[in-house]
There are 2 protein chains.
Amino acid sequence: MVQGTPANLKTSTPIVAFLSAIVCKRLQKIFMNQPPNRPRKKTQAVTIVDVARESGVSYSTVSRVLSGFEHVSDDAREKVLAAADRLGYVVNVQARSLAGGRSKVVGVLVPALDNGYILEVARGIDEELNKEGYSLMLYTTHQHAGKETQFVNTVANGLCDGLLLVVPIVPDHYLAALQDRMFPYILVDQYDATHKSNTVYATNWQGAYDATTHLISLGHRRIGIITGRMDLASGVERLEGYKAAIADHNIPLDDDLIYSGDFFQPTGYTGGHHLLGLPTPPTAIFASNDLMAFGVLQAAGERGVRVPDDVSVIGFDDIPHSVMVHPRLTTIHQPLDQMGRVSVRMLLDLIEQPDKPPRNLTLATRLILRESTSAPRMMSPEGVKQTHNS
Amino acid sequence: MVQGTPANLKTSTPIVAFLSAIVCKRLQKIFMNQPPNRPRKKTQAVTIVDVARESGVSYSTVSRVLSGFEHVSDDAREKVLAAADRLGYVVNVQARSLAGGRSKVVGVLVPALDNGYILEVARGIDEELNKEGYSLMLYTTHQHAGKETQFVNTVANGLCDGLLLVVPIVPDHYLAALQDRMFPYILVDQYDATHKSNTVYATNWQGAYDATTHLISLGHRRIGIITGRMDLASGVERLEGYKAAIADHNIPLDDDLIYSGDFFQPTGYTGGHHLLGLPTPPTAIFASNDLMAFGVLQAAGERGVRVPDDVSVIGFDDIPHSVMVHPRLTTIHQPLDQMGRVSVRMLLDLIEQPDKPPRNLTLATRLILRESTSAPRMMSPEGVKQTHNS
DNA sequence: ACTTCACTTGCAAGCGTTTGCAGATAACCT
DNA sequence: AGGTTATCTGCAAACGCTTGCAAGTGAAGT
């Protein structure tokens with residue numbers, strides 16, 4: 001055995017002398033089996049060659065045992081697994097992936113690490129990924145501002161087997177590039193109008209409809225809304241759900257009660273102040289997500305408006321904080337971690353069978369009753385009707 | 001040009017006919033330059049060979065230009081860069097790392113994705129990493145329960161250039177394995193008594209001392225503490241800081257006021273109930289982190305004990321939520337994201353110079369005054385001394 | 001007993017890099 | 001001018017793996 005090299009030219013030795021008379025120096029060197037001094041890697045990891053030697057089979061058999069168990073005798077498999085275990089062998093992902101195998105890494109693209117929403121989804125993703133023995137590569141988009149193409153190339157070239165896009169807006173050419181390369185990806189919490197992508201989505205319209213209906217059924221008639229971003233499907237749909245519920249209960253739509261927000265706390269805060277400062281303020285406010293609902297709570301607190309006594313507040317998402325505010329927030333639960341889990345499952349499916357037709361999965365939201373909503377004052381048992389507006 | 005292979009045996013063609021008469025079939029095949037049908041990869045990415053062809057230099061020159069600019073003429077460099085740009089070349093990380101280069105990936109090991117603390121640190125890490133063009137591989141430890149060695153091997157073998165350990169407890173053999181392999185790593189928010197590791201830490205003792213002193217200076221004398229995990233240095237040090245402050249102000253230490261928690265909300269909650277239910281309850285409570293402080297707030301709310309009127313509460317960490325609870329939490333700010341940033345910087349340093357002696361960096365905490373602390377009732381202007389305990 | 005066939009195994013090539021070595025060229029001394 | 005040195009460039013090997021191909025093996029079919 002020579003130096004653990006694949007011993008490719010072993011058979012040639014007998015003819016070296018003969019050849020050397022004829023062929024050029026370079027060719028000869030190919031035949032001479034003396035490696036130059038090349039002790040580069042310090043961490044001499046155990047490779048399949050070691051496992052092969054240890055178990056007495058060839059390295060290809062080892063490879064076959066270790067990745068996909070195809071056409072290997074039980075005997076060989078057993079020996080290999082034992083040897084691998086004994087040696088503490090760990091596959092070198094990079095080599096495997098270079099050679100055309102799976103890297104068992106999936107990329108997760110998120111806008112930023114700045115709120116609990118991402119964390120929840122990521123948690124689901126992480127858990128499901130771990131179950132399947134995959135690793136998670138986290139990319140934040142701000143990293144790639146302006147060079148998205150580079151990014152797509154990096155990912156598709158790179159070590160990820162698939163990509164989870166948890167970003168609100170994905171530029172079209174992103175998707176185009178991914179589709180082009182047949183690279184498996186899933187849009188998480190996004191709707192793809194073109195139906196070319198696999199998506200996991202939630203019932204945003206229905207959730208908003210339920211939230212609004214809840215408020216109406218409590219007796220509210222003047223219901224404000226703080227919208228999300230209107231360039232996001234979820235933002236639009238939540239507004240539409242609100243409008244539909246209002247209309248279905250024959251309440252006239254009042255544009256003054258619609259404040260346009262952006263899914264972040266500050267606009268919830270200003271929106272809260274705006275709505276509560278109206279000549280005839282709403283008795284209930286539907287914030288298109290919890291973060292903005294927190295802003296409303298804050299604004300209400302500052303104005304001495306009590307929740308839910310003076311104004312009911314309902315959110316959307318049910319992020320962990322919503323039980324930590326006072327009063328605890330009534331909200332629409334969005335199964336964020338489940339969303340993460342489901343997307344992982346879809347992605348792994350897709351990695352196995354890349355040409356499956358795209359599916360669009362929609363998960364159900366549900367109303368979570370807590371203490372931030374109640375019947376409006378004028379309808380409460382005490383009937384203190386005039387206190388506020390007279 | 002034949003098929004883009006490295007054209008290694010081009011020169012041999014003239015002698016093939018001659019050789020074929022003598023050498024065995026296998027050898028002959030080596031010389032024939034007809035590749036078998038091997039169109040495996042579908043994503044025909046652009047490689048350095050393409051760039052080389054495009055720019056008219058050899059692929060090694062391209063490689064040299066692209067990684068570390070050593071010994072390349074300006075002319076060549078320019079041509080290569082232009083060609084790479086034109087072709088949209090993106091380095092294949094796996095190949096580079098296989099061949100011995102840097103992968104520009106660092107691994108981040110966290111216990112789980114279940115609280116804002118991690119998120120904050122991760123945010124700092126992410127931002128700093130992006131600045132340097134590194135990618136982030138996220139590992140959660142629950143994945144590796146019981147097979148830590150495997151994990152260490154995977155990472156060290158694998159594609160990470162370095163490792164950030166944001167886990168509360170790192171098994172010794174973990175560290176030993178990493179040290180063994182000379183693998184660059186940093187302990188984040190941990191103290192290494194052996195001084196063999198690079199660490200980034202915060203002034204836990206001082207922070208606790210400050211928190212307690214703050215309460216004392218407000219007039220509190222009966223101050224409860226809910227401790228963190230006692231198997232964590234930070235937990236121990238915060239308790240010590242508390243004790244030191246008490247002693248320095250000649251307040252006797254009362255073991256009844258020490259409730260042992262675990263840094264998670266539930267023990268804060270039960271601890272809050274416990275302390276507030278004592279015959280002589282404390283007038284102030286120092287929770288060893290914000291999460292537990294939230295638990296205390298909740299317990300207080302349920303008991304009708306008002307914060308800060310009846311009891312002051314102070315936390316530790318200053319996670320984003322601490323401004324979102326009511327009342328907003330007075331706490332000790334721990335520069336979590338800065339901690340992330342600093343660790344990244346240390347790690348990248350270490351990657352460059354692996355044999356630098358270990359450094360231990362400690363970042364300063366500071367008191368953040370909000371509304372959850374005030375002077376105790378018996379000292380407040382109204383002097384309603386007896387209301388509570390009579 | 002002799003094919004035929006299915007199954008198992010091994011060899012070698014190649015995935016896209018980096019890098020030691022050695023030509024080639026240019027620049028510098030003497 | 002001749003020799004030496006420094007600088008640049010190119011070749012080929014290697015990193016650890018997967019996989020097509022072909023050779024080997026034993027069981028089944030005739």
Side-chain angles (χ1 to χ4, degrees), chain A residues 3-11 25-27 29-30 35-41 43-52 56-68 70-77 89-103 157-158, chain B residues 3-11 25-27 29-30 33-41 43-52 56-68 70-77 89-103 157-158:
Chain A
Q3 279 291 79
T5 48
N8 38 349
L9 294 167
K10 244 185 337 196
T11 45
K25 211 168 126 212
R26 182 174 298 146
L27 239 189
K29 205 163 36 183
I30 293 177
N37 62 342
R38 178 178 291 285
R40 209 180 326 138
K41 281 259 159 139
T43 68
Q44 68 298 359
V46 17
T47 75
I48 49 169
V49 176
D50 300 320
V51 176
V57 301
S58 80
Y59 58 85
S60 10
T61 301
V62 174
S63 170
R64 274 187 269 260
V65 169
L66 263 26
S67 62
E70 48 155 33
H71 293 322
V72 184
S73 69
D74 289 348
D75 178 55
R77 178 183 353 281
Y89 170 81
V90 172
V91 64
N92 181 317
V93 197
Q94 320 149 73
R96 168 176 295 186
S97 144
L98 224 206
R102 304 257 99 107
S103 66
N157 244 356
Chain B
Q3 280 289 81
T5 48
N8 38 349
L9 294 167
K10 241 182 345 197
T11 45
K25 213 168 124 211
R26 183 174 298 147
L27 241 189
K29 205 161 38 183
I30 293 176
N33 217 337
Q34 26 171 311
N37 62 342
R38 179 179 291 282
R40 211 182 324 140
K41 282 257 160 143
T43 68
Q44 68 299 354
V46 16
T47 74
I48 51 169
V49 176
D50 300 319
V51 176
V57 301
S58 81
Y59 59 85
S60 8
T61 302
V62 174
S63 171
R64 275 187 267 260
V65 170
L66 262 28
S67 62
E70 46 155 34
H71 294 321
V72 184
S73 68
D74 290 348
D75 177 54
R77 179 184 351 281
Y89 169 82
V90 172
V91 64
N92 181 317
V93 197
Q94 318 149 73
R96 167 175 296 185
S97 142
L98 224 208
R102 303 257 99 106
S103 66
N157 243 353

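These values consider heavy atoms only, across backbone and side chains, with no hydrogens, waters or symmetry-generated copies. Order of the sequence lines sets the chain letters (A, B, ...), proteins ahead of strands, with each chain counted from 1.
Here the C1' atom of nucleotide C:dC15 and the CZ atom of A:Arg102 are 15 Å apart, to the nearest Å. Distance A:Ile48 CD1 to D:dT19 C1': 11 Å, rounded to the nearest Å. Distance B:Asn92 CG to D:dC17 P: 16 Å, rounded to the nearest Å. One atom, CG of A:Asp75, and another, P of D:dG26, lie 13 Å apart when rounded to the nearest Å. When the P atom of D:dC17 is taken as reference, atom CZ of A:Arg64 falls 15 Å away, rounded to whole Å. In this structure, A:Tyr89 places its OH atom 10 Å from P of D:dG16, rounding to the nearest Å.
Listed nucleotides C:dG16, D:dC17, D:dT19 differ in distance to A:Ala99; the shortest reach to its side chain belongs to D:dC17. You'll find that the side chain of B:Tyr59 is closest to D:dA13, out of C:dC11, D:dA13, C:dT8. Here the side chain of B:Thr47 is nearest to one of D:dC21, D:dC11, C:dG16, namely C:dG16.
Contact between the side-chain N/O atoms of A:Ser58 and the OP1/OP2 oxygens of C:dG10 is found at a separation under 4.0 Å. OP1 or OP2 of C:dG10 lies within a sub-4.0 Å distance of a side-chain N or O belonging to A:Thr61. Taking 4.0 angstrom as the limit, B:Ser67 places a side-chain polar atom (N or O) nearer than this to OP1 or OP2 of C:dT18. Side-chain N/O atoms of B:Ser63 include none lying less than 4.0 angstrom from OP1 or OP2 on C:dT19. Close to C:dT18, at under 4.0 Å from its OP1 or OP2, lies no side-chain N or O of B:Ser60. In terms of phosphate contacts, A:His71 brings a side-chain nitrogen or oxygen within less than 4.0 Å of OP1 or OP2 of C:dT8.
Rounding to the nearest 0.5 Å gives a distance of 8.5 Å between CD1 of B:Ile48 and OG of B:Ser58.
Side chain of B:Ser67 to backbone of B:Ser63: a donor-acceptor contact under 3.5 angstrom is found.
Note on B:Val93: nothing from the nucleic acid sits closer than 4.0 angstrom, heavy atoms only.
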task = Test side chain to side chain contact (heavy atoms under 4.5 Å, CB included) on B:Val62 and B:Val65 and set out the steps.
result = CA-CA 5 Å; B:Val62 174; B:Val65 170; 5.8 Å; no
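Nearest-nucleotide positions on DNA chain D place B:Ala95 closer to the 5' end than the other of B:Ala95 and A:Arg96.
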